[in-house]
Amino acid sequence: MSANDSLQRLHEVIESRRQGDPDKSYVARLFHKGTDAILKKVGEEATETVMAAKDGDREKIVYEVADLWFHSMIALAHFGLSPADVLRELERREGLSGLEEFAARKAQARERQGD
Ligand SMILES: N=c1c2ncn([C@@H]3O[C@H](COP(=O)(O)OP(=O)(O)OP(=O)(O)O)[C@@H](O)[C@H]3O)c2ncn1[C@@H]1O[C@H](COP(=O)(O)O)[C@@H](O)[C@H]1O
């Protein structure tokens with residue numbers, strides 16, 4: 001089973017909870033609470049990831065990144081998106097140097113300011 005398949009399977013479980021019972025499903029509960037609650041969890045898990053990394057705790061980093069990915073996937077689904085959309089964007093960037101992309105973006109911004 002590839003990483004893509006695992007993410008897609010989790011996405012399908014998340015989607016299946018959209019109209020679920022908030023008393024029986026954590027995902028359904030978060031969908032029910034809405035945008036702010038979902039984004040708050042993404043923020044919390046990102047912070048916890050940073051804290052685990054600052055501690056250099058490799059096991060905790062994996063645990064917190066799993067929480068972060070999971071809650072980010074709920075956020076994606078909430079906005080009608082899926083992991084496939086993110087993977088497509090990462091594939092689009094393949095072979096594109098981050099530094100070159102940054103320089104091109106800066107040049108574009110300078111051109112816009114000159115307009
Ligand atoms: N991968 C996960 C997953 N990761 C984390 N969590 C839950 O996310 C919650 C929030 O994590 P926290 O660390 O913040 O825990 P907390 O301290 O209880 O939360 P707070 O009080 O801080 O808000 C916890 O209750 C975790 O159990 C998850 N809950 C569900 N899944 C997947 O989603 C599927 C559907 O879950 P249900 O919707 O509950 O059926 C499951 O089968 C799993 O595959």
Side-chain angles (χ1 to χ4, degrees):
M1 183 70 65
S2 75
N4 284 12
D5 290 342
S6 302
L7 292 175
Q8 182 57 30
R9 215 174 49 235
L10 179 55
H11 175 66
E12 284 162 19
V13 172
I14 288 170
E15 279 294 345
S16 77
R17 300 297 200 262
R18 200 178 274 285
Q19 307 299 334
D21 182 347
D23 290 331
K24 294 193 179 129
S25 154
Y26 175 78
V27 177
R29 184 175 301 179
L30 215 43
F31 275 137
H32 189 75
K33 286 183 178 170
T35 308
D36 284 358
I38 294 169
L39 298 183
K40 185 165 176 270
K41 287 308 292 182
V42 173
E44 280 174 18
E45 303 306 348
T47 303
E48 283 165 21
T49 297
V50 171
M51 284 159 56
K54 289 292 278 181
D55 290 343
D57 184 336
R58 287 158 49 86
E59 201 177 322
K60 195 131 187 275
I61 292 170
V62 170
Y63 185 91
E64 297 301 349
V65 170
D67 273 355
L68 178 58
W69 284 18
F70 171 64
H71 287 91
S72 297
M73 285 178 65
I74 297 176
L76 284 173
H78 182 66
F79 288 101
L81 295 162
S82 77
D85 293 299
V86 178
L87 292 170
R88 208 171 296 119
E89 173 60 15
L90 289 172
E91 280 161 21
R92 187 189 68 77
R93 296 179 191 180
E94 257 176 36
L96 189 68
S97 154
L99 294 178
E100 283 170 19
E101 186 274 340
F102 181 74
R105 226 165 352 105
K106 287 281 159 203
Q108 272 176 2
R110 274 197 300 276
E111 271 174 35
R112 271 200 302 275
Q113 278 170 353
D115 286 347

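Just follow the structure's listing: the first ligand is 1, and inside any ligand the first atom is 1. Owing to the predicted nature of the structure, the values given are computational and were not obtained by experimental measurement.
Remark: Asp67 CG to Thr49 OG1 distance equals 7.5 Å, nearest 0.5 Å. Summarising the geometry, atom CD belonging to Gln8 is positioned 8.0 Å from atom CE belonging to Met73; distances are rounded to the nearest 0.5 Å. Note that the NE2 atom of His71 and the CG atom of Leu39 stand 11.5 Å from one another [nearest 0.5 Å]. One finds the CG atom of Leu81 at 12.0 Å from the OG atom of Ser72 (value rounded to the nearest 0.5 Å).
In this structure, atom 13 (O) of ligand 1 has a protein heavy-atom contact shorter than 4.0 Å. The nearest protein heavy atom to atom 42 (O) of ligand 1 is not closer than 4.0 Å. Of the protein's heavy atoms, none falls inside 4.0 Å of atom 26 (C) of ligand 1. Atom 29 (N) of ligand 1 is flagged as protein-proximal [any protein heavy atom, distance under 4.0 Å]. Put simply, atom 17 (O) of ligand 1 has no protein non-hydrogen atoms near it, under 4.0 Å away.
The closest side-chain heavy-atom distance from Lys41 to Leu30 is below 4.5 Å. Val86 has its side chain out of reach of Pro83: every pair of non-hydrogen atoms, C-beta onward, lies at least 4.5 Å apart.
Per-residue contacts place Asp67 under 4.0 angstrom from the following atoms of ligand 1 (heavy atoms of the residue considered): 4 (N), 5 (C), 13 (O). Residue contact check: Val13 has heavy atoms under 4.0 Å from atoms 34 (C), 35 (C) of ligand 1.
Protein heavy atom at the shortest distance from atom 11 (O) of ligand 1 is Glu45 OE2, 3.8 Å. Ranking protein heavy atoms by distance to atom 44 (O) of ligand 1, first place goes to Leu10 CD1, 3.9 Å. In terms of protein heavy-atom proximity, atom 36 (O) of ligand 1 is nearest to Val27 CG2, 4.0 Å. Ser25 OG, 2.5 Å is the protein heavy atom nearest to atom 38 (O) of ligand 1. Considering only non-hydrogen protein atoms, atom 10 (C) of ligand 1 sits nearest to Tyr26 OH, 3.2 Å.
Between Lys60 and Asp57 there is no salt bridge, since no side-chain nitrogen of the basic residue lies less than 4.0 Å from a carboxylate oxygen of the acidic one. For Arg88 and Glu91, the salt-bridge test fails: no basic side-chain N is under 4.0 Å from an acidic carboxylate O. Comment: Glu15 engages Arg18 in a salt bridge, judged by a side-chain N to carboxylate O separation of less than 4.0 angstrom.
Backbone and side-chain nitrogen or oxygen atoms of Arg17 are examined, and one is located within less than 3.5 angstrom of a nitrogen or oxygen of ligand 1. Backbone and side-chain nitrogen or oxygen atoms of Lys41 are examined, and one is located within less than 3.5 angstrom of a nitrogen or oxygen of ligand 1.
If you chain together hydrophobic residues whose side chains sit under 4.5 Å apart, Met51 and Val65 never meet in one group.
Among Trp69, Phe31, Phe70, the residue whose heavy atom lies nearest to atom 32 (C) of ligand 1 is Phe70.
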